[in-house]
Trainee: 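Below is a structure I'd like to ask you about.
When reading the values below, keep in mind they use all heavy atoms of this one structure, side chains included, and skip hydrogens, waters and symmetry mates. As the structure is a computational prediction, the values presented were derived from the model and not from experiment.
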Amino acid sequence: ADPTYTRAWPGGVGFTKCGGNYAATIKPMADAQKLHGCHQVLWLFGEEELVTEVGTMNLFMHWINEDGVEELITAPLDDTILDGVTRRSTLELARQWDEFQVREKYFTMSQLVRALDEGRVREMFGVGTAACVSPVGDIVYNGTNLNVPLELGNIGVLGKRVLDTLFDIQYGRVEHEWAVVV
């Protein structure tokens, strides 16, 4: 998580699937890997360091928010956030399960750090067409390694549930309105 680089900005094309959105991420991602051993970049925006996306994926955080409410949160759609089908599917599944609050709202890096310090973060994961669901285990921020819980070792419980459900639908193991058998 390095505020030096920005993946997308208001008035740009961050909300579209175009090559320009990916090309600009190559150097920051290479730096993150070389300097910190990271696989992806957690993209921040603005002076308040809004957490936007991870790598080329939409980011989700499962946490207990500041009001003590269990919630799944992801950045809202605007001209910096891609309206990905896996993002949309994750939101729809979580709302169908109706087990916790689901919100599309920005959170800041300082809120994330505080929630990690207080043990309120359950897990974080990125979602996207190629990666499907990719867990976030550690974040390097201001020279500090922040450990994000992964209850099952290499993935969290909710991330695995989303992944398994999406694959079950995709491979026809369960009947679902999103998949038509032909």
Trainee: Should Leu158 and Phe167 be regarded as members of a common hydrophobic cluster, given that ILVMFWY residues are connected when their side-chain heavy atoms come within less than 4.5 Å of each other, either directly or indirectly?
Mentor: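 Per the 4.5 Å side-chain linkage, Leu158 and Phe167 are co-clustered.
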
Trainee: Does the side chain of Tyr106 pick up a donor-acceptor pair with the side chain of Gln111 at under 3.5 Å?
Mentor: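 Distance-only check fails for Tyr106 and Gln111.
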
Trainee: Decide yes or no for Asn142 and Val113: does some side-chain heavy atom of the first lie under 4.5 Å from some side-chain heavy atom of the second?
Mentor: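 A side-chain contact is absent here, since even the closest heavy-atom pair is not under 4.5 Å.
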
Trainee: Measure the shortest side-chain to side-chain distance between Leu59 and Thr52 over non-hydrogen atoms and say whether it is less than 4.5 angstrom.
Mentor: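 With C-beta onward as the side chain, the pair stays apart.
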
Trainee: Assess the side chains of Glu70 and His62: does a donor N or O sit below 3.5 Å from an acceptor N or O?
Mentor: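 Yes, because at least one side-chain N or O of Glu70 sits under 3.5 Å from a partner of the opposite role on His62.
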
Trainee: Would you say that Ile169 contacts Val174 through its side chain, given a criterion of any heavy-atom pair below 4.5 Å between the two side chains?
Mentor: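 Yes, side chains in contact.
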
Trainee: Does the side chain of Ile81 come within less than 4.5 Å of Phe45's, by heavy atoms?
Mentor: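 No, their side chains stay 4.5 Å or more apart.
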
Trainee: Which heavy atom of Thr165 sits nearest a heavy atom of Arg161, and at what distance?
Mentor: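 Closest pair (atom of Thr165, atom of Arg161, distance): OG1-O, 2.7 Å.
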
Trainee: How far apart are the C-alpha atoms of Arg87 and Glu104, what are their side-chain angles, what is the distance that settles it, and do they pass the salt bridge (charged side-chain N to carboxylate O under 4.0 Å, His left out) test?
Mentor: CA-CA 11 Å; Arg87 175 190 185 276; Glu104 297 173 69; 2.8 Å; yes

Trainee: Could you check whether atom NE2 of His39 has more than 12 heavy atoms from other residues, nucleotides or ligands sitting under 6.0 Å from it?
Mentor: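 12 or below, so no.
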
Trainee: Using 0.5 Å steps for rounding, measure from the CD1 atom of Ile73 to the CG atom of Leu112.
Mentor: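 Answer rounded to 0.5 Å: 10.5 Å.
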
Trainee: Are the side chains of Trp43 and Leu50 in contact, using a 4.5 Å heavy-atom criterion?
Mentor: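 Side chain of Leu50 against side chain of Trp43, heavy atoms only: no contact under 4.5 Å found.
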
Trainee: Are Leu82 and Val127 connected into the same hydrophobic cluster when the rule is that any two of I, L, V, M, F, W, Y join if their side-chain heavy atoms are below 4.5 Å apart?
Mentor: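 Different clusters.
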
Trainee: Which of parallel (below 30°), tilted (30 to 60°) and perpendicular (above 60°) describes Phe60 and Phe125?
Mentor: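 Phe60 vs Phe125 ring planes: parallel.
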
Trainee: What do you reckon, is CD of Gln96 surrounded by more than 12 foreign heavy atoms closer than 6.0 Å?
Mentor: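 More than 12 heavy atoms, drawn from other residues, nucleotides or ligands, come within 6.0 Å of this atom.
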
Trainee: With side chains defined as the heavy atoms from C-beta onward, is the minimum distance between Thr74 and Leu91 less than 4.5 Å?
Mentor: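 Heavy-atom side-chain distance check passes, below 4.5 Å.
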
Trainee: Are the side chains of Cys132 and Leu166 in touch, meaning some heavy atoms are under 4.5 Å apart?
Mentor: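 In contact.
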
Trainee: Measure the shortest side-chain to side-chain distance between Met57 and Gln40 over non-hydrogen atoms and say whether it is less than 4.5 angstrom.
Mentor: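 Counting from C-beta outward, Met57 and Gln40 do come under 4.5 Å.
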
Trainee: Between Arg122 and Glu151, does any side-chain N to carboxylate O distance fall below 4.0 Å?
Mentor: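 Judged by the 4.0 Å cut-off on N to carboxylate O distance, Arg122 and Glu151 do not form a salt bridge.
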
Trainee: Do we see a donor-acceptor contact under 3.5 Å between the side chains of Asp78 and Thr80?
Mentor: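 On atom types as modelled, these side chains qualify, holding a pair under 3.5 Å.
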
